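Here is the structure we will look at.
It should be emphasised that the depicted structure is a prediction, and the values quoted were computed from it without experimental measurement. Lettering follows sequence order; numbering is per chain, from 1. Scope of the values below: all heavy atoms of this structure, side chains included, with no hydrogens, waters or symmetry mates.
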Amino acid sequence: MRSCVLRKVAVCLAVSLNSLLLPGCFDIQEVEDMNIVTAIGIDQTDDGLVRVTAQLVNPANVPSAGGGVSGSSGTARSFIIREETGASIEEAVDKFNLNVPHEMYLAHNSLILFGYNYAKHGIDRAFDYMERNRYLRRTQLLLVTSGTANDVLSAPTDPEPLNALGIRSLVEQSGDMVRLAKSDQMQVIKEYLLPSHSPVLSLVDLDPLDHPVMKGVAVFRGSKVADVLTMEETKALGWLVGDTRQADVHLPCDDPVDGVETAVRLTAVRLFNSHTEVVPQLRNNQLSFLVTVNARAEVERLCPHEQMNEETYKQLENKTAEHMKREMQAVVAKLQSDGADACQFGTRLFMKDPRHWRQLSRDWPKYFAAAQVNCNVRVQILRTGLSTSAPGTMASQSGLAPQAGRGVTGP
Amino acid sequence: VAGSLLQGRIAIMLDGSPTCMLVPAQFINFLSSAEDYYMNYTLTFFIRVMRHVAYWSSILLPSLYVALLSYNQDLIPTPLLVTVAAQHRGIPFPTIVEATVMMLAFEALREAGMRLPRAVGQSVSIVGTLIVGDAAVRAGLVSPGMVIIVAGTGVASFALPAYGFVNSSRIIQFAFVCAAGFSGLVGIVILGLILITHLVSLRSFGVPYMAPIAPFTWPDMKDMFIRVPWFAMKTRPEHLETVDRVSNRSRAPRPPNKSHAGEGEP
């Protein structure tokens with residue numbers, strides 16, 4: 001009896017131990033046996049195939065590798081670019097494992113860069129792969145370039161040795177300003193699924209010196225690229241969609257003072273934050289949207305020889321609001337002519353009145369193009385920075401004390 | 001010893017033995033030392049917490065490194081992974097072998113330092129570790145990261161006050177490294193569960209080994225991860241089931257001329 005129990009216990013123990021140990025080591029993978037993929041570029045060739053560019057870390061030339069291990073041959077770069085072509089992304093990626101030594105390791109991929117040609121034919125072909133693959137993370141950025149992905153991925157991003165991380169920090173810096181500009185996969189897919197059906201992807205291009213720079217955003221109609229917005233227009237789009245932080249607004253000076261033609265005639269205001277509310281309105285079958293923006297700002301620069309007092313303060317607030325309003329109207333007009341509802345007005349309408357949205361949704365581009373958009377901007381300037389007036393007004397030939405600020409005239 | 005007696009423990013002093021035994025022995029006794037009760041509680045708080053961290057890292061550090069490097073590379077931040085991959089280039093052994101060899105070498109050096117005369121022993125353990133580690137890195141046999149991890153484990157185990165207690169963690173860390181080498185983080189979690197189950201089921205003289213945590217008693221947490229200031233330390237630990245709950249119930253001293261009113265002279 002006792003031995004029977006013992007045998008049962010022994011069998012149980014053996015089974016559990018083996019089930020723990022035998023599958024062990026099955027997916028072991030040493031770090032030196034894998035290619036860490038940091039960026040994937042997707043292009044379309046002229047014959048309709050997909051060319052996938054992978055950026056792999058070159059461990060021999062990573063500058064941070066201390067201990068005298070690094071080869072430190074200054075010419076070689078810290079990443080390798082390899083290309084494969086296939087009928088689909090999956091096929092091309094599979095080919096890498098045949099043609100490049102070491103396994104591809106996709107879990108650290110931080111960018112997916114679409115070439116313009118591919119984006120024109122629809123990026124939804126890539127969505128399935130990105131959402132299904134177990135290694136790819138939703139935090140990776142989806143970007144568009146107006147050339148081919150290969151060129152951007154092989155360009156140097158100087159202080160940052162790894163091109164992908166450099167581009168990523170570029171995009172994240174403008175994402176601090178306008179959340180929309182940081183187009184990670186999570187956000188893009190969400191925008192793709194929202195009623196407006198118009199994702200926005202950041203646009204990264206090469207400047208004449210072959211450095212990647214953030215150029216603005218690309219607006220998609222469904223899955224196909226519709227238009228490209230510059231960085232200024234991206235800010236305006238940000239004010240239309242939601243909150244922004246630390247955005248600069250540059251205003252021209254009204255009346256240039258004689259003799260200072262060479263000086264830059266711009267007033268700049270930095271918006272700390274802005275808050276947007278969009279209210280869809282429907283009056284006798286005319287759809288209109290009331291966009292209310294509340295912003296708080298700081299003066300970054302005044303026109304030369306401008307004295308700061310209550311009046312100029314008010315003027316500056318009004319001028320900034322007017323300027324923002326103009327920019328926003330221009331962007332709305334541009335989007336309406338493209339028929340891409342990147343400002344998410346369709347989503348706002350759906351959230352307010354789903355039943356009405358369902359009636360309109362079939363012909364939404366038509367309704368969107370005809371919709372009237374009223375902007376209502378209020379800017380509140382909180383402080384002037386460290387000095388109130390422009391330094392030019394303080395100068396006095398006869399050595400008098402400078403005039404006091406805030407409209408009070410000294411003796 | 002006096003502090004433990006006041007807590008309600010038993011001290012056993014034997015003729016000929018240099019040490020004094022305290023029963024019941026519990027997990028937290030090994031992580032607290034006598035100095036804790038002499039210092040200000042703010043200083044003790046930091047040192048106590050550091051000892052707890054040091055104990056668990058002396059067990060888990062090498063195994064976590066092995067598991068992250070051979071199975072779960074996706075959990076390492078990208079720049080760190082790139083650096084580690086660069087360090088690992090051209091090293092012939094898998095991470096698990098590397099870890100085991102380095103840890104064995106370190107333990108041998110430590111044991112050697114223990115037996116040698118004091119002046120030599122100190123230098124053998126320190127110099128030996130430094131030189132052997134550096135030479136192994138230069139020869140391309142182990143990666144610099146591994147040396148840091150093993151040395152860190154060693155330092156963490158030296159930071160603990162009880163020597164006999166550390167010996168167990170030295171052995172357990174090998175088991176954890178094997179688990180990590182066989183099945184990654186899953187192995188570590190499973191072995192950790194087994195270890196915790198074992199610790200919780202232990203009893204010392206009828207008192208649960210993990211007492212203030214495992215049968216959780218909130219009042220006793222005052223002497224577990226932190227040592228609360230003395231004004232909050234009125235009661236004895238509940239898990240020792242003392243006869244008198246309040247610690248050290250003698251009255252406050254008074255000037256001698258009023259001694260007839262109360263205690264003091266017979």
Side-chain angles (χ1 to χ4, degrees), chain A residues 13 16-39 55-72 78-79 102-103 105-111 133-137 139-140 160-166 168-169, chain B residues 65-99 133-148 175 177-194:
Chain A
L13 207 70
S16 52
L17 258 183
N18 284 336
S19 61
L20 276 181
L21 288 183
L22 288 180
C25 299
F26 129 81
D27 56 352
I28 191 166
Q29 193 179 25
E30 294 289 329
V31 271
E32 61 261 40
D33 295 337
M34 61 192 197
N35 285 322
I36 304 164
V37 181
T38 50
Q55 188 184 86
L56 316 169
V57 173
N58 180 7
N61 261 300
V62 180
S64 55
V69 192
S70 68
S72 73
S78 52
F79 55 89
H102 294 176
E103 293 267 315
Y105 192 68
L106 289 171
H108 279 273
N109 185 33
S110 63
L111 302 177
N133 190 303
R134 105 168 66 146
Y135 291 107
L136 294 174
R137 298 294 159 91
T139 54
Q140 64 191 1
E160 173 64 53
L162 280 173
N163 168 296
L165 298 185
R168 193 182 172 98
S169 72
Chain B
Y65 185 76
V66 169
L68 285 181
L69 242 61
S70 19
Y71 291 97
N72 303 86
Q73 294 97 347
D74 43 350
L75 297 179
I76 312 177
T78 312
L80 183 60
L81 176 66
V82 168
T83 312
V84 169
Q87 285 178 357
H88 250 268
R89 213 169 49 94
I91 286 167
F93 306 117
T95 320
I96 163 89
V97 174
E98 205 185 325
D134 192 42
V137 169
R138 267 163 205 278
L141 294 178
V142 293
S143 64
M146 182 53 78
V147 176
I148 295 175
V177 164
C178 288
F182 281 124
S183 36
L185 280 184
V186 182
I188 295 182
V189 169
I190 289 174
L191 195 60
L193 283 178
I194 294 173

**Study point:** pair A:Arg168-B:Thr78: side-chain heavy atoms closer than 4.5 Å
**Key:** no
Exercise for review: Could you tell me the separation between the NE2 atom of B:His88 and the CG atom of A:Asp33, rounded to the nearest 0.5 Å?
Suggested key: 10.5 Å
Practice item. Provide the closest heavy-atom pair for B:Pro77 versus A:His108 in the form atom of the first, atom of the second, distance. Key: C-CE1, 3.9 Å
Revision key, fill the gap. Among B:Asn72, B:Val186, B:Ile76, the residue with the most heavy-atom pairs under 4.5 Å to chain A is B:Ile76
**Study point:** Contacting region of A:Tyr105 [heavy-atom separation from chain B under 4.5 Å]
**Key:** side chain
Exercise for review: Please state whether the side chain, the backbone, both or neither of A:Leu106 comes within less than 4.5 Å of a heavy atom of chain B.
Suggested key: neither
Check your understanding: How far apart are the closest heavy atoms of B:Gln73 and A:Val31, and which atoms are they?
Key -> CG-CG1, 3.9 Å
